[in-house]
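Just so we're on the same page: letters track the sequence lines, and every chain starts at 1. Only heavy atoms go into these numbers, but all of them, side chains included; no hydrogens, no water, no symmetry mates.
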Amino acid sequence: MGKIFSLFLTAGIIALGVYFSGLFTGKSVPQNLSGLEIPHIRSNDVIIPHSAYTLSYNEEHEQANWVAYELTREELADNFSRNKMRFKPDPDVPTGSAEDDDYRNSGYDRGHLAPAGDMNFSEQALRESFYFSNISPQQKRFNSGIWKKLEDLVRDWAQTYGSVFIVTGPVLEKNLTYIGRNRVSVPRYFYKAVLINNGKQPPGAVAFVIENISSKAPLRNYMITIDSLESLISLDLFPKLDDSVENRIESKISLNYW
DNA sequence: TTTGATGT
């Protein structure tokens, strides 16, 4: 949208303020609970904390670089109706997020990054999950197929291990096709990094990268190390996580699921 | 479909 210098300066100052205030408020910033920090921040990234997740907004692609949050066993609830929720622009994105018109008749789903199903413990959290800053264009058969299967798997892990830290988002490349007036990029791939650091066992982590198309392949075909994912997206997802964890796929995780 | 969506 607006590319005037002063606008960027204002946006930057707001973003910094939001970011630093977020460091000291509640669970929206995962590092308070994990000691592992939120993903590495590039100078032009706008970091936006919401009540139950934190995101980095990419204005060029009109969607998040990443969305990060902790999901606990206690949060696995089904308290509110998602059918009452509306997708809406994120009021906290200084440059304006994508909007409903961008997706209408595009042929693509409004695909959640932080799933609505992970945010159903709080009406506010669920409502915020419908902000377009948490949405990316996804093929329907991807969103309701392999991607949903991965979301279900992560919820299973939250139940099993008590707590998981999740960083998820689109792989934003140059020259992607786009939809809508705001030119929302259509990602070719999506990723999800999952860290289990519940204090009861050594930290373990694994990542998935899956193409934005229909797939019937087992999820383990898409498992890679955190290191590999970080190289792919040029981002340090878990700045304080030990390299020995980042460069192996946690065996306990992979053994349980195909 | 208990989910995750579209469209009016």
Side-chain angles (χ1 to χ4, degrees), chain A residues 50-53 55 61-64 66-69 71-90 97-160 164 166-171 176-194 208-220 222 256-258:
Chain A
H50 287 307
S51 65
Y53 66 89
L55 68 95
H61 293 283
E62 287 292 6
Q63 61 202 283
W66 49 258
V67 175
Y69 61 102
L71 180 64
T72 65
R73 184 183 290 137
E74 292 71 31
E75 290 169 342
L76 296 171
D78 194 15
N79 298 336
F80 304 96
S81 170
R82 71 170 277 152
N83 288 333
K84 291 179 181 170
M85 298 295 164
R86 291 289 181 86
F87 293 96
K88 57 183 273 188
D90 186 340
S97 71
E99 51 197 15
D100 212 45
D101 270 354
D102 295 323
Y103 285 77
R104 185 170 294 123
N105 299 320
S106 70
Y108 290 94
D109 270 16
R110 299 161 179 85
H112 278 74
L113 295 173
D118 290 4
M119 298 288 145
N120 217 321
F121 57 92
S122 147
E123 191 167 20
Q124 183 187 358
L126 183 62
R127 186 175 295 113
E128 288 171 346
S129 83
F130 281 79
Y131 286 163
F132 277 104
S133 53
N134 184 47
I135 301 296
S136 287
Q138 294 182 334
Q139 288 211 18
K140 175 170 285 300
R141 279 175 294 183
F142 169 81
N143 187 24
S144 58
I146 187 92
W147 190 244
K148 178 183 178 299
K149 200 159 114 180
L150 177 53
E151 292 172 343
D152 288 341
L153 173 58
V154 171
R155 280 190 284 270
D156 282 353
W157 287 346
Q159 179 64 44
T160 300
V164 293
I166 300 153
V167 184
T168 188
V171 178
L176 290 169
T177 61
Y178 56 80
I179 56 172
R181 184 175 64 88
N182 288 310
R183 300 193 172 193
V184 183
S185 295
V186 178
R188 296 167 61 215
Y189 296 89
F190 287 89
Y191 67 85
K192 201 179 285 285
V194 185
F208 299 81
V209 175
I210 311 181
E211 193 172 2
N212 188 12
I213 59 173
S214 172
S215 170
K216 291 182 177 177
L219 281 169
R220 76 171 308 138
Y222 302 100
N256 288 342
Y257 295 91
W258 310 331

Novice: Tell me whether Asp152(A) is salt-bridged to Lys149(A), with the criterion being a basic N under 4.0 Å from an acidic carboxylate O.
Specialist: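 Judged by the 4.0 Å cut-off on N to carboxylate O distance, Asp152(A) and Lys149(A) do not form a salt bridge.
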Novice: Starting at atom CG of Asp109(A), determine the distance to atom P of dG7(B), rounded to an integer number of angstrom.
Specialist: 9 Å
Novice: Scan Phe87(A) against the nucleic acid and name what it touches under 4.0 Å (heavy atoms): base, sugar-phosphate only, or nothing.
Specialist: sugar-phosphate
Novice: For the aromatic rings, using the six-membered ring if either is Trp, is the centroid distance between Phe87(A) and Tyr103(A) under 6.0 Å?
Specialist: no
Novice: CD of Gln138(A) versus C1' of dT3(B): gap in Å, rounded?
Specialist: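 So the CD-C1' distance, Gln138(A) to dT3(B), works out to 14 Å.
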Novice: In whole angstrom, give the distance that lies between atom CZ of Phe142(A) and atom P of dA5(B).
Specialist: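 So the CZ-P distance, Phe142(A) to dA5(B), works out to 11 Å.
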Novice: Calculate the interatomic distance between Tyr103(A) atom OH and dT6(B) atom P; express it in whole Å.
Specialist: 10 Å
Novice: Describe, in one word, how the ring planes of Trp147(A) and Phe190(A) are oriented to each other, choosing from parallel (under 30°), tilted (30 to 60°) and perpendicular (over 60°).
Specialist: tilted
Novice: From CG of Asp156(A) over to P of dT2(B), roughly how many Å is that when rounded to an integer?
Specialist: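 The distance from CG of Asp156(A) to P of dT2(B) comes to 18 Å, rounded to the nearest Å.
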Novice: What is the distance from CG of Asn212(A) to P of dA5(B), rounded to the nearest Å?
Specialist: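 These atoms are roughly 12 Å apart.
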Novice: Is any side-chain nitrogen or oxygen of Asn143(A) closer than 4.0 Å to OP1 or OP2 of dG4(B)?
Specialist: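 Indeed not, no polar side-chain atom of Asn143(A) lies that close.
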Novice: Give a yes/no answer on whether the side chain of Arg155(A) brings an N or O atom under 4.0 Å of OP1 or OP2 in dG4(B).
Specialist: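 It does, given that an N or O in the side chain of Arg155(A) lies less than 4.0 Å from OP1 or OP2 of dG4(B).
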Novice: Tell me which of Ala116(A) and Gly107(A) sits closer to the 5' end of DNA chain B, going by the nucleotide each one is nearest to.
Specialist: Ala116(A)
Novice: Without decimals, in angstroms, what is the distance between Arg110(A) CZ and dG7(B) P?
Specialist: 6 Å
Novice: On the nucleotide dT6(B), are OP1 or OP2 found under 4.0 Å from the side-chain N or O atoms that Asn105(A) carries?
Specialist: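 No, no such contact exists.
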Novice: Regarding Asp90(A) and Ser97(A), is there a side-chain donor-to-acceptor distance under 3.5 Å anywhere?
Specialist: no
Novice: Is the distance between the ring centroids of His61(A) and Tyr178(A) less than 6.0 Å?
Specialist: no
Novice: Given atom CD of Gln139(A) and atom P of dG4(B), what is their separation to the nearest angstrom?
Specialist: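 Rounded to the whole Å, the gap is 19 Å.
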Novice: Considering just the side-chain nitrogens and oxygens of Arg104(A), establish if one lies under 4.0 Å of OP1 or OP2 belonging to dT6(B).
Specialist: no
Novice: When you compare dT1(B) with dA5(B), how far apart are their C1' atoms, in angstrom units rounded to a whole number?
Specialist: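 Comparing C1' positions in dT1(B) and dA5(B) gives a spacing of 13 Å.
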Novice: Think Arg82(A) has a side-chain N or O under 4.0 angstrom from the OP1 or OP2 of dG4(B)?
Specialist: yes
Novice: Using only side-chain N and O atoms of His112(A), determine if any of them is under 4.0 Å from OP1 or OP2 of dA5(B).
Specialist: yes
